[in-house]
Amino acid sequence: VFVFPSLFEGLPLTLIEAQANGLSVFASGTVSAECNVSETVRFLPLEKGASFWADEIKKAMPFERKSSIEIIRSAGYDSAKSAEFLENFYLEKWCL
């Protein structure tokens with residue numbers, strides 16, 4: 001389980017990494033819904049408090065951990081492809 005109670009957040013790559021590793025993710029509602037690429041992220045309100053969060057996590061157990069790496073890659077989060085894209089971009093732009 002990966003728990004991410006954040007007050008202010010954009011698109012946290014730590015949540016993408018947690019999903020790639022097959023973890024069940026519990027994040028606050030302030031986190032961008034864009035990060036839910038494997039459908040294993042549950043958004044919870046911070047206002048409900050720690051005991052509510054703990055109960056929600058307990059309800060989700062047991063959780064079978066499965067790798068979601070292919071889902072993550074197909075969503076565009078692949079460091080090798082990103083590096084290749086940037087390399088080609090800069091070579092085309094600056095090394096004509």
Side-chain angles (χ1 to χ4, degrees):
V1 171
F2 188 82
V3 181
F4 199 78
S6 178
L7 291 174
F8 307 101
E9 213 55 59
L11 178 64
L13 292 180
T14 52
L15 294 188
I16 303 299
E17 292 172 10
Q19 291 172 84
N21 284 289
L23 297 176
S24 182
V25 177
F26 295 85
S28 55
T30 58
V31 175
S32 171
E34 288 178 282
C35 71
N36 190 7
V37 293
S38 70
E39 302 302 320
T40 61
V41 179
R42 291 177 185 90
F43 296 99
L44 304 175
L46 283 174
E47 306 80 43
K48 295 275 188 165
S51 59
F52 173 81
W53 278 57
D55 289 341
E56 291 299 307
I57 293 167
K58 284 182 201 174
K59 283 188 226 175
M61 297 299 127
F63 176 79
E64 185 179 340
R65 187 174 175 183
K66 296 179 192 171
S67 175
S68 300
I69 192 69
E70 291 308 318
I71 294 169
I72 304 302
R73 281 185 177 138
S74 66
Y77 297 100
D78 184 321
S79 59
K81 285 186 180 180
S82 295
E84 182 181 344
F85 170 81
L86 287 173
E87 179 182 21
N88 290 333
F89 174 81
Y90 286 115
L91 286 173
E92 289 173 13
K93 188 90 171 160
W94 304 108
C95 299
L96 303 172

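Throughout, residue positions are numbered sequentially from 1 according to the sequence presented.
Closest approach of Ser28 to Ser6, counting heavy atoms only: OG-O, 2.6 Å. The shortest heavy-atom contact between Ser38 and Ile71 is CA-CG2, 3.9 Å. Minimum heavy-atom separation, Leu13 to Tyr77: CD2-CE2, 4.1 Å. Looking at every heavy atom in both residues, Val31 comes nearest to Ala27 through CG2-CB, 4.1 Å.
Residue pairs meeting the salt bridge (Lys or Arg N to Asp or Glu O under 4.0 Å) criterion with at least one partner in residues 77-90, sequence neighbours excluded, are Arg73-Asp78.
By the side chain to side chain contact (heavy atoms under 4.5 Å, CB included) test, Phe2 is found to be paired with Phe4, Thr14, Leu15, Ala18, Leu23, Val25, residues two or more places apart in sequence or in another chain being considered.
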For residues 51-61, dump all side-chain donor-acceptor pairs below 3.5 Å to protein atoms at least two apart in sequence or in another chain.
| residue | atom | partner | partner atom | Å |
| --- | --- | --- | --- | --- |
| Trp53 | NE1 | Pro45 | O | 3.0 |
| Glu56 | OE2 | Lys59 | NZ | 2.8 |

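Val41 and Val1 sit in two unconnected hydrophobic clusters of ILVMFWY residues. Membership requires side-chain heavy atoms under 4.5 Å apart, directly or through other members. In the hydrophobic cluster analysis, where Ile, Leu, Val, Met, Phe, Trp and Tyr join through side-chain heavy atoms closer than 4.5 angstrom, Phe63 is grouped apart from Ile72.
Expressed to the nearest 0.5 Å, how far CD1 of Ile16 lies from CG of Asn21 amounts to 12.0 Å. Atom OG1 in Thr40 sits 11.0 Å away from atom CZ in Arg65 (nearest 0.5 Å).
Side-chain atoms of Gln19 come within 3.5 Å of backbone atoms of Cys35 as a donor-acceptor pair (strictly under, hydrogens ignored). Looking only at distances, no side-chain donor or acceptor of Arg42 sits under 3.5 Å from a matching main-chain atom of Ser24.
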